[in-house]
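Input: a single structure, listed below in structure tokens.
Indexing begins at 1, ligand by ligand and atom by atom, following the structure's order.
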Amino acid sequence: MEKQQILDMVTQYCKERHTSREWKPGDRINYAGRVYDEEELCNLVDASLDFWLTAGKYTEEFESGLGKYLDIPYCSVVNSGSSANLLAIASLTSPLLKEKRILPGDEVITVAAAFPTTVAPIVQCGAVPVFVDIDIPYYNIDISLLEGALSPRTKAVFLAHSLGNVFDLKTVKEFCVQHGLFLVEDNCDALGAEYEVNGVYQKAGTIGDIGTSSFYPAHHMTMGEGGAVYTRNPLLHRIIRSLRDWGRDCVCSGGQDNRCGHRFDGQYGTLPQGYDHKYVYSHLGYNLKATDLQAAIGAAQLKKLPGFVERRRENWCYLREQLRDLEEYFILPEITSHSVPSWFGFMLMVREGTGISRDEIIAYLEKHEIQTRALFAGNIIRHPCFETMEEGKDYRICSSLEKTDKVMNRGFWVGVYPGMTKEMLDEMILRIHESISGSHTSR
Ligand SMILES: Cc1ncc(COP(=O)(O)O)c(C=O)c1O
């Protein structure tokens, strides 16, 4: 039997079973969802039939394709965005970075209005997260607080581009350069966003030392589970690959032997001369690799990514325009200057003094099948996972977190994913308007 016969059947199956049903009023409007066609399914089946399973031809295709899209030389696929963040921070603890490396007790500046696994790796790697407040209506770090967060132990700044809106990269990068700090961009919610540096637009995630992506289904593109870490720095790339792949010193990919021709003639540590380089470990590492099945889906998604990003921007702009008349009730989101966001969601903050309840609005929208989301952890410090953490020792708070708490108490967001049609957006707009008039009449 020819593989193509199977793939033709898969194409047929996908068209019959997977082609999404038209949305009709009353159907659920999720905040995000997978957008795919027969190409993803065929790639997945193709990878399954090859049965290579671990990183292979699709992983290579995806890593080089993502690198081209981002215009960055080094890209490593991993099994989730959380793994990407762990790898990014763990790589900064490498002894190969000498005095710049993060040691236990060193500090990393971040925000408390965060996704949990942006903060978790800082703690997991023995460092101390230092929290500052965010800015409304950008939902990113308030850069005026950076200097106040600095201490002799600060080694890095690690921030996400919240909901696809790029943080003030120019100021944060200059701060990092001035103080000799690493900058890690959690780009999980902003793939495709751009930022202007000296008249040139660069992709978000490529301006700091390391960028990370998530390919969980809610994100700009998906592999089911998956992520990536990217950098321009060859040393960081070497460390990232080593830590991702068990801590190995050797750069051969799985199943490959003796690429450098020196497999049996090196001297490493106090190992015997010529010890097999494939089993020499320069780090105490992890195994965070993804499978070729995940990369196969990613390779097909990557071709659609520019279109996805455009649709997200269009949907966000449409919501922004159509909700403009509610500005008296909601703080509407704004774009950071010098940036072209790649929106993950549309954030709404109920204004104080309007007598309107955020919780009632959410309840109304959810009752009408419109899915809403909180800005991730709201304030991560308020979660049970921080109960055993000691302020001043395990973490530091460097400013009032008043705006973080405001967003936690008064904010929510709705989706802009590319699967949303104009009818779905119009339904959301209608229900958001109704939720406001409902809140009024009930008072
Ligand atoms: C900003 C941010 N960072 C990291 C992650 C973690 O990604 P994953 O779910 O792939 O582990 C997410 C997930 O949604 C996220 O939004």
Is it true that the side chains of E366 and T372 contain a donor and an acceptor less than 3.5 Å apart? yes
Does the N or O separation between D186 and ligand 1 drop below 3.5 Å for any pair? yes
Atom 16 (O) of ligand 1: closest protein heavy atom, distance to 0.1 Å, is D189 OD1, 2.8 Å
Looking at D106 and R153, is there a salt bridge between them, counting it only when a charged N and a carboxylate O are closer than 4.0 Å?
yes
request  = Answer yes when D405 and R382 have at least one side-chain N-carboxylate O distance shorter than 4.0 Å, and no when they do not.
outcome  = yes
Nearest non-hydrogen protein atom to atom 14 (O) of ligand 1, with distance, is H219 NE2, 2.8 Å
Under 4.0 Å from one or more heavy atoms of N85, ligand 1 contributes atoms 3 (N), 4 (C)
Salt bridge E391-R396, side-chain N to carboxylate O under 4.0 Å: no
**Prompt:** So, E334 and R320, do they make that salt bridge, N to O below 4.0 Å?
**Reply:** yes
Atom 10 (O) of ligand 1: of S214, C188, G345, the nearest heavy atom sits on S214
Note: ligand 1 atoms sitting under 4.0 Å from heavy atoms of G81 are 6 (C), 7 (O), 8 (P), 10 (O), 11 (O)
For S80, the atoms of ligand 1 under 4.0 Å from one of its heavy atoms are 10 (O), 11 (O)
- Query: Is any side-chain N of the basic residue among K155 and E107 closer than 4.0 Å to the acidic one's carboxylate O?
  - Reply: no
Under 4.0 Å from one or more heavy atoms of S82, ligand 1 contributes atoms 6 (C), 7 (O), 8 (P), 11 (O)
message = Check K57 with E61, please: is the shortest side-chain N to carboxylate O separation under 4.0 Å?
response = no
For T118, the ligand 1 atoms with a heavy-atom partner under 4.0 Å come out as 3 (N)
